[in-house]
Structure formats: structure tokens, C-alpha cells
Amino acid sequence: MGNFIFAGCDTVELAKKYGTPLYVISEDFIIERCREIREDFLEKYSNTMAVYASKAFLTKEMARIIKREGLGMDVVSGGELYTAMEVDFAMDKIVFHGNNKSIDEIEMAVKNGVGRIVVDNIRELDLIESIASKYQKRVGIQFRICPGVDVHTHKYIQTGQLDSKFGIPLADNTIKKAVKKALDCKYIKLLGFHFHIGSQIHENHGYSLAVRKVVSLIKELKDEYGFITRELNTGGGYAIGYKDEEDRKNLSYYTDAIMNTLEQECSKHNLHRPLVIIEPGRWIVGEAGITLYTIGAIKEIPGIRTYVSVDGGMTDNPRPSLYEAKYEAFVANKYEEKAVKKVTVAGKCCESGDILIRDLKVPQIEPGDILAVLATGAYNYSMASNYNRIPRPAVVMISKGKDRLIVRRESYEDLLRNEI
Ligand SMILES: Cc1ncc(COP(=O)(O)O)c(C=O)c1O
């Protein structure tokens, strides 16, 4: 009694059935987010497209859900593309990113007819042109531009500022040279531009600012080269609630700002409004997931703190150690009990920095209790590692209160499977 229920399932029962650590993902939640995208963006504005940023969380089952919900998919590696191909995802709905795509990855994209390659630099343009000519295929591209917009988020997940490894800066003439070059390429069809200003962004004005900057570029390119921009890809980055659901904004908070600014700027400059693409990742899947752990060692240092260790850690969720991400958690089997103290939740890795949560309020706890960490759906499973030779957890999907295993727990044999 009094257990934490997630998406209609008793989390303590799930922990018993599948073991811990365990990723649990709510399909209903993902479907609900996709519905919001359709209603508040795709159906509200004509000439728009939404693609799921699969880096947030990708398995074959996730790709099937996104396919069924009618969204496109953003991939950033051959592995993500391969996963999409395995479920017969429509290749014309794939957007292929990356600041250093390999020749093999570009070949894979060109051969399989990926809809849009987002080109990060001029070298990549040359590679695509030569590969496309080999396959006698015309390839649709967007240039990733770096709009020089600083947003308020952790510096490791800012991407639109001038000092970034991503994209072609707007600040100098490189983008014009790149456009000129693309227009002279026989096998390249330049569709437009892409920006992604960062992740977990709480304010919409960074998007409006980026849109204004890009529209100036669009106008200059029209005036100078007669180039008509057909597509503008505005990236993802919409914030979710990690500690507090209130932090999450509706999709339209961001997309209305993007669309209104774009409409205004285009009409001011007498430009045709391009197709607009959005690429949310975390916003679709972040709050759809939780991770269940079993509590083990409890170390009290009187007057200092109490460390509560769990059977996972930075291997299944590197975000707290990577960029000080904050999480909320509950003791799932004591969900209704009153909090009596604050503890520090530590992982089991051989690193002092393997701390998942600081100052978590908990009831009286003991080894064997189940800890449920919330909002772990994005950038947890997809960033997991085998550090300390710890096998990756299983993934369970919940739909309408029913659980199903979608990824098996790794075994020790799995850890050795490529060794010679
Ligand atoms: C190009 C691009 N698009 C979309 C995303 C998705 O970001 P988020 O999950 O914050 O929505 C990212 C994240 O890094 C990205 O790099």
C-alpha cells in the first residue's frame, strides 16, 4: 500500500518483476506530447514539419511510436539512422545532423534517400557533392548556422553562441560563401537553414532573436543571389520540469513566438514565409520516463551528510555529473510516508562525482527500498555507458497501465561480445 504509481503501474511491482535499475517509459505520455505538437503547431500553422530529436531516447520501439504518430525524425549518426531504417521509417522524413559526419555516414544517408542533410561546414558540402555525384542522386540540404544567440542554460548545452563547435557563424561572410558554393553544386539542392540555440531553454526570446537574424540573412541572399529560402529549421531545446512540473511550458509558448516573429519579419521584408521545422527531443520524452533503483549502502557522517547509495548511477544517468542536472525522486515503497531527513543519493561507480541527487528529502529509509527518479526519459538511456563494466538497465514501456519489455537488461556476456 502507498506505493508510487507511474502511468497507471505500481513502480514497486515493476521493480520486482524486472529488477533494478530499470528505465520505465510511458507511451501514453509520448502520444499526448505528439498530439499537442499536431494540434498546436502542425494543424495551427500551414507549411510546417515536426521531427523528433532521437538523440534524446531511441530504440526501435520508440522509432515505431514516432512513425505511427506521424512525426519525422532527427538523427545524428549512422547508428540512429540505422535504427530508423530497421523500422522502415520514411527516409524523406529524416533530418541528418552532425558536426563531423563520416564519409560512411554521408554515403549511408545519400544511398538511402535521407530527406535533408544539415550541413555543418564547407568541407562537408564538398563531401556530399562528391558522394551524391557517385550515386547520381540530388541531395536536399540545410546549412546549420550559428546565430550568435546566448541563452540561459548550462554552458554544455548552449549551442547557438558564437564560440560553438556547431554550425557556420552568421557573424562573418562564411555563410554567404557556403551558399554561393552550394548553388553551384550539381547534386546539391539547398533548401534553407537550420539553427539550434541550446537545450532546456525556459525563455522564448532567444528563438525570436535567432529568427530575426536568419530572416536578415534570407533577405540578403535573395537580394544578392536571387536565392529563395524554402525551409527554416528552428531546432529543439524546449524546457521540461525536472524538479517542478511548473517549469515546463506549453509547446505553443515557443512555437507561437517562432511563427509570429517569422511572419512579421517576412512580411516586413516582403519575403515568402519558408516551411518551418521544429526538432523537440527532451520535451517529447523527458517527463515520460522514470528510473527505478534499489537502495543499498547508507552511510551517515554525523553533522555532515548521509550518503544513500543506489544500484545504478552515472552509467545510466550521466547528466548530474556531466552538467549538474537536478532531479526529483521518491522512495517508491514509502510514497505516502512523511519526509524526515535530507540525504545525498550516490551511484555505485568508482567516482566521487557519481552523485545523482543532493539534499533529497526522504522518509525513514533502509536498504532494499526502491527509489524512483523522475523525468529521466531523455538523455539517460541514450547517454548510458558501461563504465566499471556495469551492464545497461532494461527498458520497460507502459501503455494504458500495461507494461512490456522493449530493451532487455544487458548481461555480462553482452559486455564481452566484441572482444577477441
Ligand atoms: C540539432 C538539434 N536539434 C534538436 C535537439 C533536441 O534538443 P532538446 O532535446 O533539448 O529538444 C538537439 C539537442 O542537442 C540538437 O542538437
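Both ligands and their constituent atoms are indexed starting at 1 by order of listing.
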Under 3.5 Å between any N/O of [X] and any N/O of ligand 1: does that happen in this structure?
{"X": "H194", "answer": "no"}
{"X": "E279", "answer": "yes"}
{"X": "S199", "answer": "yes"}
{"X": "G281", "answer": "yes"}
{"X": "R282", "answer": "yes"}

Handout entry: Structural part of V76 in contact with ligand 1, heavy atom criterion under 4.0 angstrom
Key =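 It is neither; nothing of V76 touches ligand 1.
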Problem - Location of contacts on H196 toward ligand 1, heavy atoms closer than 4.0 Å - result: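 H196 to ligand 1: side-chain contact only, backbone stays beyond 4.0 Å.
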Quick one: which ligand 1 atoms are inside 4.0 Å of a heavy atom on [X]?
{"X": "R144", "answer": "1 (C)"}
{"X": "G236", "answer": "4 (C), 11 (O)"}
{"X": "A53", "answer": "4 (C), 5 (C), 6 (C)"}
{"X": "D74", "answer": "2 (C), 3 (N), 4 (C)"}

Exercise for the section: State yes or no: are the ring centers of H196 and H97 separated by less than 6.0 Å? Expected result: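 Aromatic pair excluded; centres sit 6.0 Å or further apart.
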Practice task
Answer with yes or no after comparing the ring centroid distance for Y207 and Y238 against a 6.0 Å cut-off, counting only values under it.
Solution key: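 That pair passes the under 6.0 Å test.
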Is ligand 1 less than 4.0 angstrom away from at least one heavy atom of [X]?
{"X": "A378", "value": "no"}
{"X": "P280", "value": "yes"}
{"X": "Y379", "value": "yes"}

Determine, for [X] against [Y], whether the closest basic-nitrogen to carboxylate-oxygen distance falls under 4.0 angstrom.
{"X": "E413", "Y": "R417", "value": "no"}
{"X": "E129", "Y": "K186", "value": "no"}
{"X": "E69", "Y": "R33", "value": "no"}

Practice task
Measure from NZ or CZ of R144 to the centre of the six-membered ring of F166 and say whether it is under 6.0 Å with the direction within 45° of the ring axis.
Solution key: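 Flagged: R144 positioned over aromatic ring of F166.
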Handout entry: Separation of E124 CD from D126 CG (nearest 0.5 Å)
Key =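 So the CG of D126 and the CD of E124 are separated by 10.0 Å.
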Handout entry: Approximate separation, where rounding is to 0.5 Å, of L271 CG and I228 CD1
Key =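 Result: 8.0 Å between the selected atoms.
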Exercise for the section: For Y52 and G281, work out which heavy atoms get closest and say how close. Expected result: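 Reported closest heavy-atom pair: CE1-O, 3.8 Å.
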